[in-house]
Amino acid sequence: MPAHTSAHRQPIRLLAPAKLTLQLRITDTRRDGHHLIDAEMVTLDLCDELVVHPSTASSVEVVPSVGAAGAADWDIPSDRSNLVIRALELAGRTAHVEIRKRIPPGAGLGGGSADAGAVLRWTNRLAVSEAVEAASKTSRPQTPTLVSPQQAATLGADVAFCLTGGRARVTGIGEILESIPFRHQAFVLWTPPIQVNTAAVYRMWDEMGGPGGGSNDLEPAALAVCPQLAAWRDELAQATGRTPQLAGSGGTWFVAAPFGTRLNLPVRDGISALRARVIGRL
């Protein structure tokens, strides 16, 4: 798809909500090495903020939000390896995108995928707006070119879900979405200052023979890759009296925190646990 300058003339502000994987099964491995999953994912009210500026070339500027725990040590690329650049390319758009980060990177919360999903929602809305405007001038219906969840999944396993959000069963390599009725849920998130490499966790899962059990098949592999995660898990368990679950490939641990529940939220190394609520489709 040929790239063209975005039609807007003023900066556009977008929200990019985090995702939380509540259940994760690895069902198979394809010949190309991609893993097939069967997961339940939800969208949280923990959000990055994106400011999209008109530009004839695509670029990214990452600005950790003031007060974000551990933000000074976040290592987030601003080159083409950033999913926002690749999302713009996929949609055939150009822009300068300022990313104000609140979702910790490497935390299993889909931060980069959330940013890419927000960009794709915006480019899809822009395509519809342009088609409507063109139709009004020609009196002929125009079909907008939209990025589908299947196309979004080519950027990363979580991008398709982050494009639509809500609550869904996610299968295939992340491109097959089945909407699930919304449920009011809230969680405590406890994210250590560790960026867990997703590819390394999947490789370890393969090397360990594909362990299962519990709510997340990747948890044993993540603990093997980053043994220090266990101490953070145990601190959250002690503080809340609940059994923590690992978010995706890690390293965020979370426990359910129903509305009105009073929990002793832990603090360590200047990092505080935080509460997040599930929100609906985006």
May I ask you to decide whether [X] forms a salt bridge with [Y], counting only side-chain N to carboxylate O separations under 4.0 Å?
X: D48; Y: R102; answer: no
X: E49; Y: K101; answer: no
X: E207; Y: R203; answer: no

Backbone of [Y] reached by a side-chain donor or acceptor of [X] within 3.5 Å:
X: T138; Y: R140; value: yes
X: D269; Y: I271; value: no
X: N124; Y: L146; value: no
X: T21; Y: M41; value: no
X: R167; Y: G280; value: no
X: Q151; Y: S148; value: yes
X: D45; Y: R277; value: yes
X: W190; Y: W232; value: yes
X: W253; Y: L229; value: yes

Go through the side-chain N and O atoms of Q245 and S215 and say whether any donor and acceptor fall under 3.5 Å apart. yes
Could you grab the distance from atom [atom1] of [X] to atom [atom2] of [Y], nearest 0.5 Å is fine?
X: I99; Y: I76; atom1: CD1; atom2: CD1; value: 7.5 Å
X: N216; Y: L246; atom1: CG; atom2: CG; value: 5.5 Å
X: S58; Y: I85; atom1: OG; atom2: CD1; value: 5.0 Å
X: E219; Y: D217; atom1: CD; atom2: CG; value: 10.0 Å

Can you confirm whether [X] sits close enough to [Y] that some side-chain heavy atom of one is under 4.5 Å from a side-chain heavy atom of the other?
X: C226; Y: Q228; value: yes
X: N82; Y: V62; value: yes
X: C47; Y: I103; value: no
X: L44; Y: I279; value: no
X: N197; Y: V225; value: no
X: V97; Y: S59; value: no
X: V52; Y: R13; value: no
X: K19; Y: D158; value: yes

Smallest separation among heavy atoms of [X] and [Y], with atom names:
X: G251; Y: V196; answer: N-CG2, 3.5 Å
X: L155; Y: A87; answer: CD1-CA, 3.8 Å
X: V147; Y: A152; answer: CG1-N, 4.1 Å
X: C162; Y: R121; answer: O-NH1, 2.7 Å
X: L14; Y: A118; answer: CD1-O, 3.7 Å
X: V267; Y: S272; answer: CG2-OG, 3.7 Å

_Parallel, tilted or perpendicular, as decided by the 30° and 60° cut-offs, for the rings of Y202 and H35_ = tilted
Quick one: which of V188, L189, T191 gives a side-chain contact (heavy atoms from CB on, under 4.5 Å) with F254?
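By the side-chain contact (heavy atoms from CB on, under 4.5 Å) criterion, F254 pairs with just one of V188, L189, T191: L189.
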Verdict with supporting geometry, L83 and R86, side chain to side chain contact (heavy atoms under 4.5 Å, CB included): CA-CA 5 Å; L83 287 178; R86 293 167 57 196; 3.4 Å; yes
**Study point:** side chain to side chain contact (heavy atoms under 4.5 Å, CB included) evaluation trace for L282 with T164
**Key:** CA-CA 6 Å; L282 303 173; T164 59; over 6 Å; no
Count the heavy atoms belonging to other residues, nucleotides or ligands that lie under 6.0 Å from CZ of R30, then report whether that count exceeds 12.
->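 Check passes, neighbour count above 12.
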Decide whether [X] and [Y] are clustered together by the hydrophobic rule: side chain heavy atoms of Ile, Leu, Val, Met, Phe, Trp, Tyr closer than 4.5 Å, transitively.
X: V84; Y: L15; answer: no
X: V278; Y: V255; answer: no
X: F161; Y: L24; answer: yes
X: L22; Y: L236; answer: no
X: I37; Y: L109; answer: no

Next item on the list: Could you walk me through whether R233 and L223 pass the side chain to side chain contact (heavy atoms under 4.5 Å, CB included) test, one step at a time?
Entry: CA-CA 10 Å; R233 174 200 61 201; L223 287 168; 3.6 Å; yes
Stepwise, does the side chain to side chain contact (heavy atoms under 4.5 Å, CB included) test hold for T240 with N264? CA-CA 6 Å; T240 64; N264 180 26; over 6 Å; no
Pair up each side-chain donor or acceptor in residues 169-185 with any protein partner under 3.5 Å, not counting sequence neighbours, and list the distances.
unit_1, atom_1, unit_2, atom_2, d
R169, NE, D38, OD1, 2.9
R169, NH2, D38, OD2, 2.7
E175, OE1, I173, N, 2.7

Exercise for review: Go through K137 and E130 one step at a time and tell me if the salt bridge (Lys or Arg N to Asp or Glu O under 4.0 Å) criterion holds.
Suggested key: CA-CA 11 Å; K137 294 178 179 178; E130 291 169 345; over 6 Å; no
- [ ] Verify salt bridge (Lys or Arg N to Asp or Glu O under 4.0 Å) between R100 and E98, making sure each step is shown before the conclusion.
- [x] CA-CA 6 Å; R100 299 174 181 175; E98 177 186 343; 2.8 Å; yes
